[in-house]
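A short write-up of the structure that comes next.
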Amino acid sequence: MDQTNSSRPSDFIRDIIDDDFKTNKHQGRVAVRFPPEPNGYLHIGHAKSVCLNFGIAAQYGGTCNLRMDDTDPSGESMEYVESIIRDIQWLGFDWGDRLFFASDYYERLYEYAVQMIKEGKAFVCDLDVDEMREHRGSFTEPGRESPYRNRPVEENLDLFERMRAGEFEEGTHTLRAKIDMASPNITMRDPIMYRIKKEAHYRTGNKWCIYPMYDFTHCLSDSLERITHSICTLEFENNRPLYDWFLEAVNADYRPQQIEFARLNLTYTIMSKRLLIELVSKGIVKGWNDPLMPTITGMRRRGYTPAAIRDFCDRIGVAKNDSMIDMALLENCVRDDLNQTTPRVMAVLRPLKVIIDNYPDDQVEEFDCPFHPQNPDMGSRKVPFSKVLYIERDDFMEDPPKKFFRMAIGREVRLRYGYFVTCVDVVKDRDTGEVVELHCTYDPETRSGFAPDGRKVKATIHWVSAAHSIPAEVRLYDRLFQVADPLEDDFDYMKHLNPNSLEVLTSCRVDPSLANAEPESRYQFERLGYFCVDSVDSSAANLVFNRTVTLRDSWVKIARKGEK
RNA sequence: UGGGGCGUCGUCAAGCGGUAAGACACAGGAUUUUGGUUCCUGCAUGCGGAGGUUCGAAUCCUCCCGCCCCAGCCA
């Protein structure tokens, strides 16, 4: 029994690579690449591809290049390049010195194009957009050949040279591959190789005013980089014949294999770059790094860990089925990681004042509280206890349903690591009737939350000392959309935005040990969830925490059942 | 509609002719100073449908049905 690969993810792509190893197709070499276009931020869908490609390279002792697929100057920028680099590094991957840019291949691509013209495989076309669309035909009708298709080679050469020289206006000329206007695959109907764009490129500046199209660029870039397996998403399946055609047309000395897999879809969010841009530009979210965003940078700010994201990508698998992954799986992955790695701490989000009537007025005790109950190696901290405390408003009910075990009048509960206390009185606002203060008595014999007589208590609740805890702002994030698939039916996703995706709490009180919490540091606020220090807005003077994800909460289920 | 893909549990996903892995979700239960964690248990006589081949079919064949992608000088 071969156990060596039992825990390794396997999938149809790795099967292909395994076969190639057996037949020695690439002399045991595996070279892949991750080719983002720097016109937006990376999101969790890209992470799937990043983990796939870099994961394969690592698993097979191969390489994974990072290549900026920058062939369209509009929308591309250095800011995006930098964000992509930052995000992939943060995810934990390394491409060594193999950072490439399609824009570095412009000159060679131009030479390939000239070669194709000379061999009668490409021609300069004077059709404008509308005419070209009209000539393209439809799904059912073949296209018609461009009247410029049979121009003499010399004329094509001259025209293409002048296109490069900037003699023509945008939209007046294109360079097209001469393939087959009757092909049932529309991609093959004399596709455009170059178009004129009098736009500065973020890297090449004004050196070029013609830019190569994706189909022409990508396969040749892969070939130049000696990529063995060019992994992309399903929508490029139609383009594969063209990928192979260009390689053949220029008689490439190296021909990579394109393999397509299904892109990631996640419930309760959207993945389309275009729509994410819209969320940012319309101010629905506060930027690409808004913790509500499914972007890597947004998730990072929210408190997700690289390990959790990598684990998620391993668990979802790689296949060709269109799929919609349940957000609950992602949440499970973060909880799983954070549960093991995160120190526990007490924080009260919606404070309710509690006075321990029989506790000495000026006494302050310190309790030793472990940072992780299952992992003593994480150490502990001292937490001050005094006569006036805060507990969570949700942890008290005046008229509790039968299954509510927390604080209620006359009921004894445990203050975590503190004492057993019994609520003896409720103070309400004279006008509103709102509960403003609780009076309790404590049992001095139950120090640290232990009853020497062995008596049990149904609940343990968290608390902070009013005088010693420190104020903080806490941002409660929830799902961006209220429905699993915001694009279902009419694509009018805006109407599905979750109005409660963010709740800001400004009067929270947190464990004093958090006073010097570093930006991006993560904690479990006991009984509440996982939180991290906001990397943008938090400071020592004004602590801000973001909720990454709640703890699994079986109480809400019980409470919901009770309502019925 | 022409072409290209895909249909296995609520959601993902193994399976590659020998009689349906696993994960998440869900439902029970045990342990618990987090209604957390952990640990047990349950969860497809069924693989889009109908025929056929075979001793034997999710796997092979035929037909049918459904979903996704393609008519940007985007990638």
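In the text below, chain A, chain B and the rest are named by the order of the sequence lines, each starting its count at 1.
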Proximity to the side chain of [X] - top-ranked nucleotide from [options]:
{"X": "A/R527", "options": "B/rC24, B/rG35, B/rC73", "answer": "B/rG35"}
{"X": "A/M213", "options": "B/rG72, B/rC24, B/rG35", "answer": "B/rG72"}
{"X": "A/D336", "options": "B/rG5, B/rA23, B/rU38", "answer": "B/rU38"}
{"X": "A/S323", "options": "B/rU37, B/rC12, B/rC73", "answer": "B/rC12"}

Practice item. Establish, yes or no, whether the cationic atom of A/R67 lies under 6.0 Å from the six-membered ring centre of A/F101 and within 45° of the ring axis. Key: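 Not satisfied by the 6.0 Å and 45° rule.
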Check your understanding: Can a cation-pi geometry be assigned to A/R547 and A/Y530, taking NZ or CZ under 6.0 Å from the six-membered ring centre and within 45° of the ring axis?
Key ->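 No, A/R547 does not sit over the ring of A/Y530.
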Enumerate all atom pairs, one protein N or O and one N or O from nucleotides 69-71 of chain B, separated by less than 3.5 Å.
from	atom 1	to	atom 2	distance (Å)
B/rC69	O2	A/N238	ND2	3.3
B/rC70	O4'	A/N238	ND2	3.1
B/rA71	O3'	A/R136	NH2	3.4
B/rA71	O2'	A/R136	NE	3.2

When only distance counts, do a donor and an acceptor, one from the side chain of [X] and one from the base of [N], lie under 3.5 Å apart?
{"X": "A/Q374", "N": "B/rG36", "result": "yes"}
{"X": "A/Q524", "N": "B/rU34", "result": "yes"}
{"X": "A/R344", "N": "B/rU34", "result": "yes"}

Practice item. Ignoring hydrogens and angles, state whether a donor on the side chain of A/T342 or A/R522 is under 3.5 Å from an acceptor on the partner side chain. Key: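 The answer is no; no qualifying pair exists.
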Can you tell me the distance, in whole Å, between the [atom1] atom of [X] and the [atom2] atom of [N]?
{"X": "A/R263", "N": "B/rC67", "atom1": "CZ", "atom2": "C1'", "result": "17 Å"}
{"X": "A/I316", "N": "B/rA23", "atom1": "CD1", "atom2": "P", "result": "17 Å"}
{"X": "A/L528", "N": "B/rU34", "atom1": "CG", "atom2": "C1'", "result": "9 Å"}
{"X": "A/M324", "N": "B/rA13", "atom1": "CE", "atom2": "P", "result": "13 Å"}
{"X": "A/R406", "N": "B/rU34", "atom1": "CZ", "atom2": "P", "result": "13 Å"}
{"X": "A/H135", "N": "B/rG72", "atom1": "NE2", "atom2": "C1'", "result": "18 Å"}
{"X": "A/N339", "N": "B/rU32", "atom1": "CG", "atom2": "P", "result": "18 Å"}
{"X": "A/Y530", "N": "B/rU34", "atom1": "OH", "atom2": "P", "result": "13 Å"}

Considering every strand and a 4.0 Å limit on heavy-atom distances, what is the contact class for [X]: base, sugar-phosphate, or nothing?
{"X": "A/F404", "result": "base"}
{"X": "A/N239", "result": "base"}
{"X": "A/R335", "result": "nothing"}
{"X": "A/K458", "result": "nothing"}
{"X": "A/E170", "result": "nothing"}
{"X": "A/P142", "result": "nothing"}
{"X": "A/E37", "result": "sugar-phosphate"}
{"X": "A/K197", "result": "sugar-phosphate"}
{"X": "A/S554", "result": "sugar-phosphate"}
{"X": "A/I558", "result": "base"}
{"X": "A/Y211", "result": "nothing"}
{"X": "A/L127", "result": "base"}
{"X": "A/V318", "result": "sugar-phosphate"}
{"X": "A/T71", "result": "sugar-phosphate"}

**Study point:** Anti or syn - B/rG72, cut at 90° from 0
**Key:**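 Base orientation relative to the sugar is syn.
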Practice item. Give a yes/no answer on whether the side chain of A/N321 brings an N or O atom under 4.0 Å of OP1 or OP2 in B/rC68. Key: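 A/N321 to B/rC68 OP1/OP2: no side-chain N or O under 4.0 Å.
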Practice item. Would you sort out whether A/N185 and A/S183 count as a side chain to side chain donor-acceptor pair (under 3.5 Å), showing the intermediate values? Key: CA-CA 5 Å; A/N185 181 350; A/S183 173; 5.5 Å; no
Review point. Is there a donor-acceptor pair closer than 3.5 Å between any side-chain N or O of A/Q258 and the backbone N or O of A/F236?
Key: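 It does hold such a pair.
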Practice item. Please confirm whether the backbone N or O of A/G45 pairs with a side-chain atom of A/R263, one donor and one acceptor, at under 3.5 Å? Key: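 No: the side chain of A/R263 does not pair with the backbone of A/G45.
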Review point. Are A/P191 and A/R176 close enough that some pair of their side-chain heavy atoms sits under 4.5 Å apart?
Key: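 No, their side chains stay 4.5 Å or more apart.
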Review point. With a 4.5 Å heavy-atom cut-off, do A/T269 and A/R479 have their side chains touching?
Key: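 Not touching, per the 4.5 Å side-chain cut-off.
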Point to revise | Check: A/Y80 ring centroid to A/Y202 ring centroid under 6.0 Å | key: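 So the answer is no for these two rings.
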Check your understanding: Between A/D126 and A/D15, which is nearer to the 5' end of RNA chain B once each is assigned its nearest nucleotide?
Key ->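 The answer here is A/D15.
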Practice item. Map A/D326 and A/I196 onto RNA chain B by nearest heavy atom, then report which one ends up closer to the 5' terminus. Key: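 The residue whose closest nucleotide sits nearer the 5' end is A/D326.
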Review point. Is the shortest side-chain N to carboxylate O distance from A/D394 to A/R406 below 4.0 Å?
Key: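 A salt bridge is absent here (no side-chain N lies under 4.0 Å from a carboxylate O).
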